[in-house]
Protein chains: 2
Amino acid sequence: MAKGSDPYSVLPVAKAMQVFAYVASQAHDVTLTEVVQALGMPKTTVFRYLQTLSAAGLFAHDIVQDRYGVGEKFRELAQTDAIYHSLRSTAQGELDVLVGGFRETVNLAVLADDEVVYVDIREATRSQRFQARIGHRHPVHSTSLGKAMAAFLPSETVERLVRPEYEQRTYRTLTDARTFRRHVEEARRRGFAMETGENEDGVTCIGVPILDGKGYPIAAVSLSAPDNRMKAMVDRAAEALQDAARRITAALPPISLNV
Amino acid sequence: MAKGSDPYSVLPVAKAMQVFAYVASQAHDVTLTEVVQALGMPKTTVFRYLQTLSAAGLFAHDIVQDRYGVGEKFRELAQTDAIYHSLRSTAQGELDVLVGGFRETVNLAVLADDEVVYVDIREATRSQRFQARIGHRHPVHSTSLGKAMAAFLPSETVERLVRPEYEQRTYRTLTDARTFRRHVEEARRRGFAMETGENEDGVTCIGVPILDGKGYPIAAVSLSAPDNRMKAMVDRAAEALQDAARRITAALPPISLNV
DNA sequence: TCGCTTATTTCGTAAAGCGAAACGCGGCCC
DNA sequence: GGGCCGCGTTTCGCTTTACGAAATAAGCGA
């Protein structure tokens, strides 16, 4: 049987996952004994796993029929993953093209808990000081990524991002709500956001939102380069980023994330 | 914390599911410490869960970056569930209409392991002897459901269902390959399958396949009634079933199941 | 090269997962 | 209508084995 050859395998978890896989792959809701017979595990054990997984919301326990099926929590997770997975895999090629074309660092990020979370990063030159790492979080107000996404959010949602005062990351960082609103407004008008040394000294960023089927900014791509080098290619970069974003949008599944 | 109020909750499983939910809801692949900090669990514990879930295929462990993300097994399960969930929920209303219109038992089934698996059943009159139960399996050759699905399978797949001899369920059950092929061929021509007392004495069934976006028979609906009562309404029933099947197909997501 | 951070391994302890068996309940059949 | 059977739930005692602190190793940036 699925005896964990892995010495770090936690048996209850491994066995519960067998139950999970069985239930999820059936077209109908299952009974306790059905799982027991299918997997050859003791009744008590399966019973406990079914209870635990139901309590976690991954399964739904139909009390009337005493049957277990896949739960809403599972479907939420699956949908979230499907979207992000699709985002990353379709973005992949575009990021490569961008980094190849400009030889500057390219970032892919999403908005989570009102922060910018880096999802993929391509550094053109590793000699350069770290900008960010995958999974790291930066503020919305100091990044072109954040402002680009904010620019295409419904206005009620933007208001949620407005603070009386913002953290000053560099001497150029905007710190008041008024300026933030102006930057966001400008990004919306131009179709891309810009940030010049507001997040990190000497580094300029151009960010463009990636919209999902409903026009909601699910993510953003940005190009970041030293101030001087960026100056010469702002227009070209903005256009390339917008093209990339459009293509990524087109390849995304038509479903949306519940905000 | 998420202390299992449920006395039957298995803690390792419950905690592993927290890890699961966290990883699946992130847009980026995560590191061990990231999970530890987010969930406030001991490092060793999380490490073991990540290992276990990766071994189960639900997570993918990127050895190079030492990051964990959602694995292919999870996506397979999610897709299977999405299809079946959609099938059942869109079929729901149609089944109700059918049972209301004919006052006879209506079945929804899928094909699994070359058998007919009942997924939903609406009995018009409970006095009647049980026909089948959800999750029960009947042979392909003796049911209208099975023959309806077989009729729209690619011919190579139909061959997999052909046996030199079939189990004789009633004295009317077809038992040879030749007759099976003939029935399937006829069902394909007519667009619905029929079975008269071949699965259960005195009961006649009409089955119609439900095709997915690619024209593959993902399931089937059937109406079953005592021979005499069915005789009077064959044409009307076949048409109603076909209409229902068409509507269910239309509401299905455009993705397919890998056969 | 050093020093930090992060992943892996070890190990002793006690918690808690396990599963046989008993119980209770409902439905089916006689 | 009564009894039987199948199924889900509960109990209980026994270790098994999950646990987590701490030590170790491996990376990686400075």
Side-chain angles (χ1 to χ4, degrees), chain A residues 1-19 23 29-55 59 61-68 121 123 125-136, chain B residues 1-19 23 29-55 59 61-69 121 123 126-136:
Chain A
M1 224 187 77
K3 187 63 191 306
S5 49
D6 197 324
Y8 297 114
S9 203
V10 179
L11 263 79
V13 175
K15 285 186 289 182
M17 290 308 98
Q18 288 187 50
V19 172
V23 173
D29 286 357
V30 301
T31 60
L32 169 58
T33 33
E34 197 177 330
V35 180
V36 167
Q37 284 164 5
L39 301 181
M41 292 179 188
K43 192 166 47 160
T44 319
T45 304
V46 174
F47 174 67
R48 275 190 277 246
Y49 294 161
L50 290 173
Q51 293 282 325
T52 307
L53 292 169
S54 298
F59 283 176
H61 183 192
D62 180 344
I63 308 280
V64 190
Q65 311 234 45
D66 240 309
R67 283 175 176 276
Y68 297 84
I121 294 169
E123 313 226 1
T125 149
R126 87 213 66 235
S127 68
Q128 198 169 322
R129 180 169 56 265
F130 65 4
Q131 314 249 16
R133 306 254 141 206
I134 289 176
H136 280 197
Chain B
M1 229 190 71
K3 186 65 190 303
S5 47
D6 197 324
Y8 297 115
S9 202
V10 179
L11 264 79
V13 175
K15 286 186 289 182
M17 290 307 99
Q18 288 186 50
V19 172
V23 173
D29 287 355
V30 301
T31 60
L32 169 59
T33 34
E34 196 177 331
V35 180
V36 167
Q37 284 165 5
L39 302 181
M41 291 179 187
K43 190 167 48 161
T44 319
T45 304
V46 174
F47 174 68
R48 276 190 277 248
Y49 294 160
L50 290 173
Q51 293 282 325
T52 307
L53 293 169
S54 297
F59 282 176
H61 183 190
D62 179 344
I63 309 280
V64 190
Q65 310 233 44
D66 240 308
R67 284 175 175 276
Y68 297 84
I121 294 168
E123 314 227 0
R126 86 210 67 232
S127 68
Q128 197 171 322
R129 181 169 56 266
F130 64 8
Q131 314 249 18
R133 308 252 140 208
I134 290 177
H136 281 197

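Order of the sequence lines sets the chain letters (A, B, ...), proteins ahead of strands, with each chain counted from 1. Computation of the quantities below employed the complete heavy-atom set of this structure, encompassing side-chain atoms and omitting hydrogens, waters and symmetry-equivalent molecules.
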Task: Main-chain N/O of Asp29(A) paired with Arg67(A) side-chain donor or acceptor, under 3.5 Å - done: yes
Open item on the list: Could you tell me how far apart Ile63(B) (CD1) and dA26(D) (P) are, to the nearest whole angstrom?
Closed with: 15 Å
Task: Under 4.0 Å protein heavy-atom contacts per nucleotide of nucleotides 10-21 of chain C, with B for base, S for backbone only and - for none - done: B------SBBBB
TODO: Take atom CG of Leu50(B) and atom C1' of dT8(C), then tell me their distance rounded to the nearest Å.
DONE: 13 Å
TODO: Could you tell me which residues satisfy side-chain contact (heavy atoms from CB on, under 4.5 Å) with Gln37(B), sequence neighbours excluded, listed by chain and number?
DONE: none
Open item on the list: According to ring pair (Phe, Tyr, Trp, His ring centres under 6.0 Å), who are the partners of Tyr49(B), at least two apart in sequence or on a separate chain?
Closed with: none
TODO: Please name all residues satisfying ring pair (Phe, Tyr, Trp, His ring centres under 6.0 Å) with Tyr68(A), sequence neighbours left out, ordered by chain then number.
DONE: His61(A)
Task: Minimum-distance pair of heavy atoms, taken over all atoms of Thr52(B) and Tyr8(A) - done: OG1-O, 3.7 Å
TODO: Verify the contact: side-chain N or O of Arg133(A) to OP1 or OP2 of dT6(C), cut-off strictly under 4.0 Å; return yes or no.
DONE: no
Open item on the list: Could you tell me how far apart Ile134(A) (CD1) and dC28(D) (C1') are, to the nearest whole angstrom?
Closed with: 16 Å
TODO: Please state how far atom CG in Asp6(B) lies from atom P in dT9(D), giving the value in whole angstrom units.
DONE: 10 Å
Task: End axis versus end axis in the helix from dT1(C)-dA30(D) to dC30(C)-dG1(D), the angle rounded to 10°, five pairs used at each terminus - done: 40°
- [ ] Check the distance between dG27(D)'s P and Leu32(B)'s CG and give it to me in whole angstrom.
- [x] 16 Å
TODO: Would you mind reading off the distance between Asp66(B) atom CG and dA26(D) atom C1', rounded to a whole angstrom?
DONE: 10 Å
Open item on the list: Between C1' on dT10(D) and CD on Gln51(A), what's the gap in Å once rounded to a whole number?
Closed with: 12 Å
TODO: Could you tell me the separation between the CZ atom of Arg67(A) and the P atom of dT9(D), rounded to a whole number of Å?
DONE: 13 Å
Open item on the list: It should be established whether Thr33(B) places a side-chain nitrogen or oxygen under 4.0 Å from OP1 or OP2 of nucleotide dA7(C).
Closed with: yes
Open item on the list: Within the structure provided, determine whether Met41(B) and Val19(B) are in side-chain contact (heavy-atom separation under 4.5 Å).
Closed with: yes
Task: Listed partners of Val36(B) passing side-chain contact (heavy atoms from CB on, under 4.5 Å), at least two apart - done: Leu32(B), Lys43(B), Val46(B)
Open item on the list: I'd like to know whether Leu39(A) forms a side-chain contact (heavy atoms from CB on, under 4.5 Å) with Lys15(A), so could you lay out the CA-CA distance, the side-chain angles of the two residues, the decisive distance to 0.1 Å, and finally the verdict.
Closed with: CA-CA 10 Å; Leu39(A) 301 181; Lys15(A) 285 186 289 182; over 6 Å; no
